[in-house]
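Data block below; observations after.
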Amino acid sequence: MNLFWFQDTTVNASIPLGYPESLKTSKETEVLVALSLSITCNALEMLSLFVGYTIFSYATGMISTCCHVVGSIILAFVLLESLSVTTLWYCFAFTCVFPAFIELVTIVVISRVQGGK
């Protein structure tokens with residue numbers, strides 16, 4: 001949520017001096033899309049946790065926890081150092097998409113195991 005407050009700083013760090021307004025608009029849209037997708041991936045993880053599919057999958061929980069800890073550290077650097085939007089996409093891929101993908105795979109495996117009984 002802090003990234004929403006620092007969105008202008010992140011966008012301004014991504015564009016060169018004397019930029020056209022269309023470039024700033026496209027970078028703002030890029031940041032907004034990255035944040036929206038990260039919230040969606042986190043919602044998917046929380047939903048699968050609360051439903052109980054992955055609550056007892058210790059490996060999935062450990063992967064998710066490690067990715068989110070690293071993501072918090074990277075996000076702090078993005079905010080404090082005013083890094084570019086490209087760095088935000090790398091952070092998003094490693095800390096949101098990867099754990100959400102692991103959650104989906106775990107849900108599919110658990111559903112197939114329970115469906116086979």
Side-chain angles (χ1 to χ4, degrees):
M1 290 298 159
N2 286 336
L3 202 54
F4 282 116
W5 292 324
F6 290 98
Q7 182 177 0
D8 286 336
T9 307
T10 305
V11 169
N12 289 335
S14 300
I15 53 180
L17 295 175
Y19 58 88
E21 191 63 33
S22 62
L23 181 62
K24 183 176 182 178
T25 305
S26 70
K27 291 293 182 181
E28 285 176 347
T29 304
E30 193 174 340
V31 169
L32 189 62
V33 167
L35 293 175
S36 300
L37 288 174
S38 66
I39 290 171
T40 303
C41 288
N42 286 329
L44 172 79
E45 287 184 70
M46 294 305 291
L47 181 67
S48 69
L49 179 71
F50 289 142
V51 169
Y53 278 116
T54 60
I55 197 165
F56 296 113
S57 177
Y58 301 117
T60 303
M62 182 58 82
I63 290 171
S64 180
T65 302
C66 290
C67 286
H68 288 298
V69 166
V70 170
S72 297
I73 295 168
I74 292 172
L75 191 58
F77 279 116
V78 168
L79 294 177
L80 295 175
E81 299 295 326
S82 299
L83 299 176
S84 68
V85 176
T86 307
T87 308
L88 183 65
W89 279 109
Y90 289 126
C91 178
F92 165 72
F94 179 71
T95 62
C96 293
V97 173
F98 181 65
F101 177 73
I102 296 296
E103 290 280 334
L104 285 175
V105 168
T106 305
I107 289 171
V108 168
V109 168
I110 290 173
S111 296
R112 286 195 170 190
V113 168
Q114 288 179 350
K117 289 184 176 181

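These values consider heavy atoms only, across backbone and side chains, with no hydrogens, waters or symmetry-generated copies.
Taking CG from L104 and CD from E45, the interatomic distance works out to 9.0 Å, rounded to the nearest 0.5 Å. Atoms OG and CD1, from S57 and I110 in turn, are 5.5 Å apart once rounded to the nearest 0.5 Å. Taking CZ of F94 as the start and CD1 of I74 as the end, the distance is 7.0 Å to the nearest 0.5 Å. Interatomic distance, E103 CD to I63 CD1, rounded to the nearest 0.5 Å: 9.5 Å. To the nearest 0.5 Å, atoms CG (L44) and SG (C96) are separated by 11.0 Å. Here the CG atom belonging to L32 is positioned 9.5 Å from the CG atom belonging to L37, to the nearest 0.5 angstrom.
Ring geometry, F92 versus W89: the interplanar angle exceeds 60°, so the pair is classed perpendicular (tilted spans 30 to 60°).
The main-chain N or O of T60 is never found under 3.5 Å from a side-chain atom of S64 such that the two would form a donor-acceptor pair.
Under the 4.5 Å side-chain heavy-atom criterion for Ile, Leu, Val, Met, Phe, Trp and Tyr, L35 and V97 are members of the same hydrophobic cluster. Residues F101 and V109 are members of one and the same hydrophobic cluster, defined by side-chain heavy-atom contacts under 4.5 angstrom among Ile, Leu, Val, Met, Phe, Trp and Tyr. Tracing side-chain contacts under 4.5 Å through hydrophobic residues (I, L, V, M, F, W, Y), one never reaches L47 starting from F50; they form parts of separate clusters.
T95 and H68 make their closest contact through O-CE1, 3.3 Å (heavy atoms, listed as atom of the first residue, atom of the second, distance).
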